J.: 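Let me give you the structure first, and then I'll get to my questions.
The chains referred to below are lettered A, B, ... by the order of the sequence lines, with proteins before strands, and numbering in each begins at 1. Because the structure is predicted, anything quoted here is derived from the model rather than measured. What you see below is based on every heavy atom in this structure, not just the backbone, and it leaves out hydrogens, waters and symmetry mates.
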Amino acid sequence: MTSYAFSFDEPPYLAGLNEAQRAAVVSLDGAVLLLAGAGTGKTRALTTRLAHLLWSERARPQEILAVTFTNKAAREMKERVAALLKLPSVEGWWLGTFHSLAARILRQEAEAVGLKSNFTILDSDDQLRLLKQVMAAENIDEKAWPAKVLRAVIEQWKNKGYTPDLVPASEVGDFARGRSLHLYSAYQERLLTLNACDFGDLLLHNLTLFRMRPEVAQRWQQRFRYLLVDEYQDTNVAQYLWLRLLAMPQNNICCVGDDDQSIYGWRGAEVENILRFEKDFPDAKVIRLERNYRSTAAILGAASGLIARNEGRLGKTLWTEGDPGEPVRIQGLWDGEAEARFVGEEIEGLQREGHSLGEIAILVRTGAQTREFEERFVTIGLPYRVIGGPRFYERQEVRDGLAYLRLLQSPDDDLAFERICNKPRRGLGEAALRALHATARSGGLSLFAAARQLVGTDELRAQTRRPLKAFLDSVDRWRDALAATSHPELAEIVLEESGYLEMWRSDRSIEAPGRLENLKALIEALAEFDTLAGFLEHVALVMDNLEEVGGEQVTLMTLHGAKGLEYDTVFLPGWEEGLFPNQRALDEQGIRGLEEERRLAYVGLTRARKRAIISFAANRRLYGSWGASLPSRFLDEIPEEHKRMDSDQGLYGAAYQAWGGSSFGSFDAWGETRRSPGMERARARRSGGSAGSPPVIEGEARIIESVPRENPRYRVGTRVFHQKFGYGSVSRVEGERLTIAFDQTGEKKVVASFVKPAAEAG
DNA sequence: CCGGGGTCCATTTTT
DNA sequence: TGGACCCCGG
C-alpha cells in the first residue's frame, strides 16, 4: 500500500479495494489498460476511479467522458457513480453508450456534416426500408440481392470507419455485381436528404467531423480531459478511432476489458484493439485485476484451464481465496429431451433445498435451444423467463406509435409517413402511395407535402382523395395541438383518433392484448420527458426491453446475453461438437472462430458463483432430422481435477469407440465407472428405480397417480388462456396437470397455475 | 384483405 | 422441425 499516492492520507473510498484495484483507481495520468478478469470487481474499480477523478479535483464532471457499450451498462454505471458520490443523479454527465455520446456531439455539430441538429435516428428496420427504395431506384433485383445483405455490408463498412469515399476497392464484394459501393453512396445521400442517421452514422459522422475540422476535434479533445472506456475488447475500428481522436493529445484514457471475454468478433469487434493497446499508447500502464470474488476455486480452475488453450492472449491468472467448491459437473444424456428433463429435475432438487429460482440460469449457445427447456418447464410448472427476443422499440406496435409521433415532430419524415399512412387501413393502398412518391420525386417534396399538393387536384380518385385529406387534416390538427397539450396526452389522442388503438382492440389474435400494453407503456414512458424530441432520441438510442417481472423464475438465455451477469447456479447445456463449438463459427472463421467459441465457454462458466453443470446429448434433432453428436472438445479441455463426469448408459456404443474415442481420451471410460455416490443418489431419485438401471423415461405416471383427478377450477371443456399459447380448451384434467387443446398450437400438457379461465383473461 | 400453401432457411446482437 | 416470407385465390 505504501507505493501509491495516498499512502499517508488515504481517501476512505480506497478502503476495501485490493492493491490492483487501488492502482486502477489512482493511476490517473496517461493511458491505462485495466485487464479485468471475470468477477474481479471491475465495475467497482471503474466507478471508484471516476469518483476519485472528482474528489481529487483532477477533473470536473463535464470533463470526463465515460463510455459503455449497452444502455444497461450505462445505466448501472450511472447508478453506482451516483450512489458513491451521494448524488441524486448524474444526469447531464458525459456517461453513456458510444452511440448516445456520439449522437450528443453530433447534435451540436450537425451542420458541419450536412445535417440539421434535429436529425432523426433510424433503426435497422427503417434502414432496410430505405435501402430497398434506393435499390429499387437503381433497378436492382431485390430477389437476387437482398437488401438485408446490403445492410450488413454497409454496417461492416461503417464499423470499420469507412465513408463511401474511403472504402478500399479490396473491400467491395460482388453484391449487385459490384454496385454495393454505389448503393452505399446513394443511401448516404438519401439519409442526408431525409435529415437522418442510422446507428453507424452516429460514430462515422463524428469521425468525418474530427478529420475534416481539426479545430472542432481540438475543442472536444480539450473538453474531455479524462476518458473511461468499459468492455474495450468489444470495440470496433470506428469506436477505436473515435476514442483515439478524442483522447489526443494527452491520452488520459483508461480502457477496461478482458480479452478472454471478447465474444463479438462477428459483429465487428476487434480483439486486436485490446491486444495492441501498449503499441497504440507507448507509455501505457497495464494493470491486471486477477483476484476473483465471484466463483469457487473449482469453477475458476475449470474456466482458466479451458481458456488457457487459446493463443494470443494477454494472459491473466484468476485466483480466489474463497471456497474451493465442488467440481464442475458434466452430465451426458441420451437426447435433448432427456437433457431438458435432467435440468428440470436438478432445478426442482435445488428448489427443494431452498435455493431461489432467481439464482439459477440456463445458458445456451443458440436461441433455438431454449424451446426444449420451455416445453419441459411448462409441463412441470417451473416458472421461467426467456431473456432475448425483440427489444421494446423494435416491436411493430411501438414503432407504429413512434411513427405517428415522429410525423408530428417532423412532417417530412417520409419513413414515418409511409409506415402509418395506411395503418389502420384508410384505403391508401399501394396505388395511392405510388402516386405520392411520383409527385414527391418530381417536385422534390416530402411525401407529406406531396400529399397536400395532390389532395388539391383531381389526380387521385375521390375514393382515395377523401381519406388522404382526412388523414392530412388529422395530422395538422394534432400538430397544432402540440403546443397546448402535454405530449403524453397528445400521444393518447393521436393513437385514439387515428383509430390505431381501436385496430388492436378489435384484433382477436393472441398478441393483441400485449401490444396494447406496450402502447400504454410507450405513452407512460413519454411522460418522463420534457419534450417530444427528447423522448424520440431516448427511444431511438436508449429504450430497453421492459424487464419481465423478476422474482422466483429461472432464467433462460444465450451465452452472449449472459455476459456481465452472475448466478449461484448455472446450467450449460448442449456442449456438443457442432453446436458448441458451433460448426458455422469453425467453418467460417477457423481457429479464430474456435477461440471465440472457447471464450464463450469461458464466459459461460465464469457466470457461476457456486455451481456449474454442463450437459450434452448423444442425439440431437437439428432442423427436423436426428443426428448423433459427440461431446464438445471443450469438455476435454477442462482440467480433470475440476470436473466430475457422469453419463447415462449406452450413450456411445461401438460406433463411438470405432470413431476413435481416443481424441477425447477422457470419454473412453464414460458410462458406469465414473459415477460418484452423489450422482448415484441423484439418479435413484430421478428414475425412481435401482441405481444401475438405465434411465426410465420419466416418472410421469407416478406423478399423475399421486394427484387428485379433479380440479375445482377447470373441467374438461373449460376455455382457458395461456400467456404463451393463447386460448384453448381443457381436454383432460389430472389435478393441477391439465391437457389443453390450444387453438393455435394444438395439445399441450400444462400446469394449472400457468393458465387462467378465458373469462378472466379479458 | 385474409389466409392457405409452397418454399427456403436455419449462430451469436447492440445501438 | 418450424418460422419467415411470398404468392395467389377467394
J.: Taking atom P in both C/dC5 and B/dT12, what distance in whole Å separates the two?
T.: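 To the nearest whole Å, 15 Å.
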J.: Listed by chain and number, what are the side chain to side chain donor-acceptor pair (under 3.5 Å) partners of A/Asn582, not counting sequence neighbours?
T.: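 Partners of A/Asn582 under the side chain to side chain donor-acceptor pair (under 3.5 Å) test: none.
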J.: Is the phosphate of B/dC1, meaning OP1 or OP2, less than 4.0 Å from a side-chain N or O of A/Arg425?
T.: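 Checking A/Arg425 against B/dC1: at least one side-chain N or O falls below 4.0 Å of OP1 or OP2.
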J.: Mind checking if A/Gln369 touches a base, just sugar-phosphate, or nothing, with heavy atoms under 4.0 Å?
T.: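 Nothing, no nucleic acid heavy atom in range.
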J.: Looking across every strand, which nucleic acid part, if any, lies under 4.0 Å from A/Gln589 by heavy atom: base, sugar-phosphate, or nothing?
T.: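 Nothing, no nucleic acid heavy atom in range.
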J.: Output the rounded distance in Å from CZ (A/Arg151) to P (B/dT15).
T.: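 These atoms are roughly 16 Å apart.
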J.: Is B/dT12 in the syn range, within 90° of 0, or in the anti range?
T.: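 Here the answer is anti: the torsion falls beyond 90° from 0.
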J.: A/Arg371 CZ to C/dG2 P: how many Å, rounded?
T.: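 From A/Arg371 CZ to C/dG2 P: 5 Å.
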J.: May I ask you to evaluate whether A/Asn71 reaches the phosphate of B/dT15, defined as a side-chain N or O under 4.0 Å from OP1 or OP2?
T.: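 Yes.
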J.: Remember a base hit wins even if backbone is also touched, and classify A/Gln239 as base, sugar-phosphate or nothing at under 4.0 Å, heavy atoms.
T.: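 Touches nothing.
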J.: If you assign A/Ala368 and A/Leu541 each to the DNA chain B nucleotide with the nearest heavy atom, which residue ends up on the more 5' nucleotide?
T.: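 Its nearest nucleotide lies further toward 5', so the answer is A/Ala368.
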J.: Does A/Arg584 put a side-chain nitrogen or oxygen below 4.0 Å from OP1 or OP2 of B/dT12?
T.: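 For B/dT12, OP1/OP2 do not have a side-chain N/O of A/Arg584 under 4.0 Å.
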J.: Under 30°, 30 to 60°, or over 60°: which ring-plane class applies to A/Tyr264 and A/His560, parallel, tilted or perpendicular?
T.: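 Taking A/His560 first and then A/Tyr264, their aromatic rings sit tilted (interplane angle of 30° to 60°).
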J.: Please determine if a side-chain N or O atom of A/Tyr623 lies less than 4.0 Å away from the OP1 or OP2 oxygen of B/dT11.
T.: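 Yes, A/Tyr623 has a side-chain N/O under 4.0 Å of OP1/OP2 on B/dT11.
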J.: Within the structure, does a side-chain N or O atom of A/Lys148 lie under 4.0 Å from either OP1 or OP2 of C/dC5?
T.: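 The answer is yes; a side-chain N or O of A/Lys148 sits under 4.0 Å from OP1 or OP2.
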J.: Verify the distance criterion only: is there a donor paired with an acceptor across the side chains of A/Gln127 and A/Lys132 at less than 3.5 Å?
T.: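 Per modelled atom types, A/Gln127 and A/Lys132 side chains form no pair under 3.5 Å.
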J.: Does a donor on one side chain sit under 3.5 Å from an acceptor on the other, for A/Tyr500 and A/Asp400?
T.: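 Present: a donor and an acceptor within the cut-off.
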J.: Verify the contact: side-chain N or O of A/Ser100 to OP1 or OP2 of B/dT15, cut-off strictly under 4.0 Å; return yes or no.
T.: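 It does not, given that no N or O in the side chain of A/Ser100 lies less than 4.0 Å from OP1 or OP2 of B/dT15.
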J.: From the set B/dT12, B/dT13, B/dT15, return the single nucleotide nearest to any side-chain atom of A/Arg267.
T.: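 Looking only at heavy atoms from C-beta outward on A/Arg267, the closest nucleotide is B/dT13.
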J.: Which residue, A/Asn422 or A/Gly561, contacts DNA chain B at a nucleotide closer to its 5' end, judged by nearest heavy atom?
T.: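 First, find each residue's nearest nucleotide; the 5'-ward one identifies A/Asn422.
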J.: Look at all strands and tell whether A/Gly200 reaches a base, only sugar-phosphate, or nothing, counting heavy atoms closer than 4.0 Å.
T.: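 Nothing: the residue A/Gly200, judged by heavy atoms under 4.0 Å, touches no strand.
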J.: Determine the contact category for A/Ala585: base if any of its heavy atoms lies under 4.0 Å from a base atom, sugar-phosphate if only primed atoms, P, OP1 or OP2 are that close, otherwise nothing.
T.: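 Answer is base: heavy atoms of A/Ala585 come under 4.0 Å of a base.
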J.: Closer than 4.0 Å, any side-chain N/O of A/Lys143 to the OP1 or OP2 of B/dT7?
T.: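 Looking at the OP1 and OP2 atoms of B/dT7, neither is under 4.0 Å from any side-chain N or O of A/Lys143.
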J.: So which atom in A/Val256 and which in A/Gln233 form the shortest heavy-atom distance, rounded to 0.1 Å?
T.: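 For A/Val256 and A/Gln233, the tightest heavy-atom pair comes out as O-OE1, 4.3 Å.
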